Amino acid sequence: MKNAKMILDKDYQISKIDKRIYGSFIEHLGRAVYTGIYEPGHPTADKLGFRHDVIDLVKKLNVPIVRYPGGNFVSGFNWEDSIGPRELRPKRLDLAWKTTETNEVGLHEFCQWAKEAGSEVMYAVNLGTRNPDAARNVVEYANHKGGTYWSDLRIKNGAKDPFNIKLWCLGNEMDGPWQMGAKTAYEYGRVANEAAKMMKWVDDSIETVACGSSSSTMKTFGEWEYTMLNECYDNVDYVSLHRYYGNPHNDTNDFLASTMDLDDFIKTVASICDTVKGKKHSKKNVNLSLDEWNVWYHSNQQDQKLYKTEPWGNALPLLEDIYNFEDALLVGLMLITMLKNADRVKIGCLAQLVNVIAPIMTSKMGGAWAQTIFYPVMQASAMGRGISLMPRITCDKFDTKHYSDVPVVDAAAVLNDDDSVTVFAVNRDLQEEVMLNLDLRAFGDMKVVSHSVMHHDDMKAINTENNPCEVVPFDVACAKDGEPIVLPAASWNVIRLAK
């Protein structure tokens with residue numbers, strides 16, 4: 001048995017938490033859209049073809065914003081293909097994923113789906129094969145009330161009221177050689193600046209997200225952010241970060257330590273934003289959008305076979321990672337890291353939402369179920385609203401292959417709107433439980449009112465359509481006043497405290 005101590009003070013605050021950190025992502029990729037959110041003829045489908053068994057699960061996640069329609073897909077996407085009568089919409093080759101896009105689900109349909117799911121849309125514009133003119137036109141189409149060509153076309157296409165999309169991505173991973181229309185940092189910075197400027201001239205209420213480097217492992221990382229921000233700082237509001245982790249070598253200790261890298265990544269990009277701010281003598285902060293994050297590695301070999309056997313197919317089962325218990329622990333740790341950086345991370349998009357590296361899985365004309373990673377996201381989204389507190393944690397540390405001084409316990413704390421406190425904690429130790437002593441010296445007489453634990457003896461345990469509840473959180477007895485809180489070995493914990 002190990003011991004840990006966590007001190008919290010209501011005056012030691014990191015930031016108000018932006019609810020958008022609990023966002024997600026749907027790309028026209030694999031079965032995310034077709035047989036994912038949309039499947040006409042399914043027993044739960046509504047008249048528009050949307051699966052309500054999926055919508056019900058999305059609502060449980062309480063997703064405030066969904067990034068759409070890509071991803072790599074967007075860099076070859078003509079937004080005009082996705083409007084107007086469905087029978088007239090063109091089918092296009094999607095070079096990003098070597099499939100065929102039917103455009104059966106487009107801008108109008110997705111905005112309707114988001115409304116039904118209780119979410120907002122974070123729309124990405126194509127700055128790969130397109131340009132600022134196309135970007136400002138789609139803003140006019142989506143957000144202008146009427147009386148112009150594009151806004152009147154929206155009305156003609158059945159949407160009298162504007163969609164009022166407030167958050168816009170300026171392309172996707174533009175430094176990646178896999179990206180259609182990939183650019184140098186200077187080229188991208190110039191086009192992003194002009195696009196953002198023109199888009200805001202159409203609607204000055206919108207916010208824009210500039211592409212950061214595709215990964216902190218890219219050779220372009222760092223120099224990319226500095227150079228492109230030097231060109232577009234005044235007209236953008238956020239810089240995107242994308243980060244995925246995996247455990248292909250089956251080193252669970254090293255895998256669960258990888259959020260040390262995420263914390264460094266976030267702090268490095270924030271420091272570059274502030275460097276450009278200082279250089280420009282600006283008073284504006286550019287914050288961060290972690291708009292792709294997750295575990296991703298299980299499906300890599302499978303997809304290469306599909307490309308060969310079904311070239312240019314539609315709705316292929318691509319990137320369908322089957323998540324296990326240790327993946328859920330890592331997702332919980334990533335959420336904790338985001339909360340502890342809530343002063344700079346204002347948007348987060350778990351990539352993705354349905355079927356494609358996703359918390360929700362479906363079978364064609366069958367059921368929908370929650371994967372293991374669903375539950376930490378659901379609990380954080382429900383109970384992680386309020387003010388992120390600065391925890392002071394004392395605990396044992398360990399070293400792994402790639403990381404040093406890894407805390408056995410990582411945790412975040414939230415002061416909720418009702419003055420209760422929620423602690424999210426992961427015990428990284430795979431063998432021993434940890435006795436956590438909470439010191440809430442400035443909160444008065446607080447006691448533990450609930451303690452939820454997610455643990456499984458098999459780190460590789462999964463949920464399936466036939467057994468969807470193999471790995472789920474469960475309530476345990478609350479620690480009595482003055483007693484330490486038991487964090488089981490290898491566990492995700494949600495502890496609620498109130499007077």
Side-chain angles (χ1 to χ4, degrees), residues 1-4 176 212-222 241-269 271 290 292-304 319 321-341 345 350-351 357 371-373 376 391 393-412 424-434 436 454-462 471 487-493:
M1 183 184 299
K2 295 181 177 179
N3 293 290
S213 181
S214 304
S215 169
S216 60
T217 62
M218 295 283 289
K219 292 181 179 179
T220 51
F221 175 59
L241 294 78
H242 292 178
R243 201 68 179 101
Y244 298 97
Y245 296 100
N247 189 19
H249 303 298
N250 198 29
D251 185 341
T252 300
N253 282 319
D254 198 60
F255 177 56
L256 296 182
S258 56
T259 46
M260 302 279 284
D261 171 79
L262 178 62
D263 189 66
D264 286 344
F265 185 23
I266 290 169
K267 287 179 168 56
T268 299
V269 177
S271 69
L290 186 59
E292 287 189 31
W293 68 271
N294 204 345
V295 174
W296 175 16
Y297 74 100
H298 296 284
S299 63
N300 290 346
Q301 296 302 315
Q302 164 198 311
D303 295 347
Q304 297 305 315
L319 278 63
D321 279 37
I322 304 302
Y323 291 114
N324 57 37
F325 170 57
E326 70 181 10
D327 296 329
L329 292 180
L330 194 281
V331 164
L333 286 161
M334 294 183 81
L335 287 161
I336 287 169
T337 304
M338 293 164 66
L339 287 169
K340 292 200 295 186
N341 287 279
V345 179
L350 177 69
I357 49 174
Q371 296 220 68
T372 61
I373 65 171
I393 303 171
T394 305
C395 65
D396 290 349
K397 297 182 180 181
F398 62 97
D399 296 336
T400 72
K401 183 177 179 180
H402 294 103
Y403 305 99
S404 301
D405 294 328
V406 181
V408 167
V409 173
D410 200 0
F424 303 102
V426 170
N427 177 6
R428 287 186 170 108
D429 194 295
L430 303 183
Q431 280 81 40
E432 293 189 56
E433 64 186 20
V434 172
L436 176 65
M454 194 172 181
H455 170 80
H456 201 285
D457 290 337
D458 180 4
M459 299 298 290
K460 309 300 182 183
I462 63 172
V471 187
L487 307 181
S491 64
W492 158 261
N493 301 263

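Given the structure is predicted, the values throughout are model-derived calculations rather than measurements.
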*asked:* What I'd like to find out is whether the side chain of Cys395 reaches to under 4.5 Å of the side chain of Lys2, using heavy atoms alone.
replied: no
*Checking Tyr245 side chain against Met334 main chain: does a donor-acceptor pair fall under 3.5 Å?*
no
*Within the side chain of Glu433, is there an N or O that forms a donor-acceptor pair under 3.5 Å with the backbone of Leu487?*
no
*Hey, could you give me the NZ/OG distance between Lys219 and Ser213, rounded to the nearest 0.5 Å?*
12.5 Å
*asked:* Taking the side chain as everything from C-beta on, heavy atoms only, tell me whether Ser216 gets closer than 4.5 Å to Asp261.
replied: yes
_Sidechain N-carboxylate O distance under 4.0 Å for Lys340, Asp263_ = no
_Test item: Ser491 side-chain N/O and Asn493 main-chain N/O as donor-acceptor pair under 3.5 Å_ = no
_Gap separating the OG atom of Ser299 from the CD1 atom of Ile357, nearest 0.5 angstrom_ = 7.5 Å
*Which heavy atom of Arg243 sits nearest a heavy atom of Ser215, and at what distance?*
NH1-OG, 3.9 Å
*asked:* Rounded to the nearest 0.5 Å, what separates atom CG in Asn324 from atom CG in Asp458?
replied: 8.0 Å
*Looking at residues at least two apart in the chain, or sitting in another chain, which of them share a salt bridge (charged side-chain N to carboxylate O under 4.0 Å, His left out) with Asp321?*
none
_Can you give me the closest heavy-atom contact between Asp405 and Lys397, atom names plus distance?_
O-CD, 3.7 Å
*Looking at Asn341, Leu241, Thr217, Thr337, which one forms a side-chain contact (heavy atoms from CB on, under 4.5 Å) with Phe265?*
Leu241
_Between Asn427 and Val409 (side chain of the first, backbone of the second, donor and acceptor by atom type, cut-off under 3.5 Å), is there such a pair?_
no
*Describe, in one word, how the ring planes of Phe424 and Trp492 are oriented to each other, choosing from parallel (under 30°), tilted (30 to 60°) and perpendicular (over 60°).*
parallel
_Asn253 side, atom CG; Tyr403 side, atom OH - distance, nearest 0.5 Å_ = 12.5 Å
*What are the two closest heavy atoms between Ala412 and Leu339, and how far apart are they?*
CB-CB, 3.9 Å
*asked:* The test is side-chain contact (heavy atoms from CB on, under 4.5 Å); show your working for Thr252 and Leu430 and say whether it passes.
replied: CA-CA 9 Å; Thr252 300; Leu430 303 183; 4.0 Å; yes
*Would you check if Ile336 and Thr259 make a side-chain contact, meaning some heavy-atom pair closer than 4.5 Å?*
no
*Identify the two heavy atoms, one from Met260 and one from Pro407, that lie closest to each other, and give their separation to 0.1 Å.*
SD-CD, 4.0 Å
_As an exercise, state the distance from CG of Leu290 to CE of Met338, rounded to the nearest 0.5 Å._
5.0 Å
*What's the spacing between Leu350 CG and Asn294 CG if we round to 0.5 Å?*
4.5 Å
_Could you tell me if the side chain of Thr400 sits less than 4.5 Å from the side chain of Phe255, heavy atoms only?_
no
_Testing Arg428, Met459, His456 one by one against Leu329 for a side-chain contact (heavy atoms from CB on, under 4.5 Å), which residue passes?_
Met459
*Do His298 and Asp327 have side-chain atoms, one donor and one acceptor, less than 3.5 Å apart?*
yes
*For Pro376 against Ala328, the heavy-atom pair lying closest together*: CG-O, 3.6 Å
_Exercise: identify the closest heavy-atom pair between Asn250 and Lys460_ = OD1-NZ, 2.7 Å
*Mind checking whether Asp457 and His455 have side chains closer than 4.5 Å, heavy atoms only?*
yes
